[in-house]
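The next block holds one structure in the form of structure tokens; read it before the comments.
Side-chain atoms are counted along with the backbone in the values below, which use heavy atoms only and exclude waters and symmetry mates. Model, not experiment: these values are computed from the prediction. Position 1 is the first residue of the sequence, and the numbers go up from there.
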Amino acid sequence: QVQLVESGGGLVQPGGSLSLSCTASGTFSTYYMGWFRQAPGKEREFVSGISWDDRTTLYSDSVKGRFTISRDITKHIIYLRMNTLKPEDTAVYYCAAGRRGVSPRISEYNYWGQGTQVTVSS
């Protein structure tokens, strides 16, 4: 069992930066982790993922080059550093954990956090 709690969301101007954190409790070290987001009226979409050993990362085309995912196994925390934010990045961001591998598919993740709101606006 894994419990996930996101933090770090907020309001930021276009072009700005924000860092999200996801703190995990339970058996965390061997899980693959992902970040997803859901904007109002849209489906939840994959943002980024990282393998349990940090060797593999994956990004959606829309955030590649702007966002960076990382994990601190000792602290049980996953980070998402978001740079050059755009209004279209506005969404609720969710952290997720799964055992099947780094994947953009929602169905591959078993555990989800409650989400943190990110709003990019001037």
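Once rounded to the nearest 0.5 Å, the distance linking OG of Ser51 with CD1 of Ile69 reads 9.5 Å. Rounded to the nearest 0.5 angstrom, Ile77 CD1 and Ser21 OG are separated by 6.0 Å. Residue Leu4 holds its CG atom at 12.0 Å from NE2 of His76, rounded to the nearest 0.5 Å. Atom CZ of residue Arg44 and atom CZ of residue Arg37 lie 13.0 Å apart, to the nearest 0.5 angstrom. Taking CD1 of Ile78 as the start and OH of Tyr31 as the end, the distance is 13.0 Å to the nearest 0.5 Å. The structure places OH of Tyr79 at 11.5 Å from CD1 of Ile50, a figure rounded to the nearest 0.5 Å.
The two residues Gln38 and Lys42 have their closest heavy-atom pair at NE2-O, 3.1 Å. Here the closest non-hydrogen pair linking Ser48 and Leu80 is CB-CD1, 4.2 Å. Here the shortest heavy-atom pairing between Val2 and Tyr111 reads O-CD2, 3.5 Å. The minimum heavy-atom distance between Thr90 and Val120, with the atom names listed, is OG1-N, 2.9 Å. Across Gly9 and Thr116, no two heavy atoms sit closer than the pair N-OG1, 3.2 Å. Summarising the geometry of Ala97 relative to Met33, their closest heavy-atom pair is CB-SD, 3.5 Å, with the distance given to 0.1 Å.
Looking only at distances, a side-chain donor or acceptor of Glu6 sits under 3.5 Å from a matching main-chain atom of Cys95. Between the side chain of Tyr109 and the main chain of Arg99, no donor-acceptor pair closer than 3.5 Å is present. At least one donor-acceptor pair closer than 3.5 Å links the side chain of Arg66 to the backbone N or O of Thr84.
Counting non-hydrogen atoms of neighbouring residues, nucleotides and ligands closer than 6.0 angstrom, the CD atom of Gln114 reaches no more than 12 such neighbours.
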Problem - Derivation and outcome, side-chain contact (heavy atoms from CB on, under 4.5 Å), residues Ile106 and Trp112 - result: CA-CA 10 Å; Ile106 293 175; Trp112 293 83; 3.5 Å; yes
Exercise for the section: Evaluate the criterion side-chain contact (heavy atoms from CB on, under 4.5 Å) for residue pair Asn83 and Phe67; output intermediate values, then yes/no. Expected result: CA-CA 6 Å; Asn83 295 325; Phe67 291 12; 6.0 Å; no
Exercise for the section: Decide side-chain contact (heavy atoms from CB on, under 4.5 Å) for Tyr93 and Gln117; before the verdict, give the C-alpha distance in whole Å, the side-chain angles of both, and the deciding distance to 0.1 Å. Expected result: CA-CA 6 Å; Tyr93 283 70; Gln117 176 70 47; over 6 Å; no
Practice task
Assess whether side-chain contact (heavy atoms from CB on, under 4.5 Å) is satisfied between Tyr32 and Leu58, documenting all intermediate values.
Solution key: CA-CA 11 Å; Tyr32 295 84; Leu58 186 66; over 6 Å; no
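Inspection of the Ser19 and Arg81 side chains reveals an N or O donor paired with an N or O acceptor under 3.5 Å. No hydrogens or angles considered: nothing links the side chains of Thr119 and Ser121 as a donor-acceptor pair under 3.5 Å. Defined by atom type and a distance below 3.5 Å, a donor-acceptor pair is missing between the side-chain atoms of Ser122 and Gln13.
Taking 4.5 Å as the limit, some side-chain heavy atom of Thr68 sits within range of a side-chain heavy atom of Tyr59. The shortest side-chain heavy-atom distance between Cys22 and Trp35 falls under the 4.5 Å cut-off.
Salt bridge annotation for Asp89-Lys86: absent, with no cationic side-chain nitrogen under 4.0 angstrom from a carboxylate oxygen.
The aromatic ring centres of Phe46 and Phe36 sit less than 6.0 Å apart.
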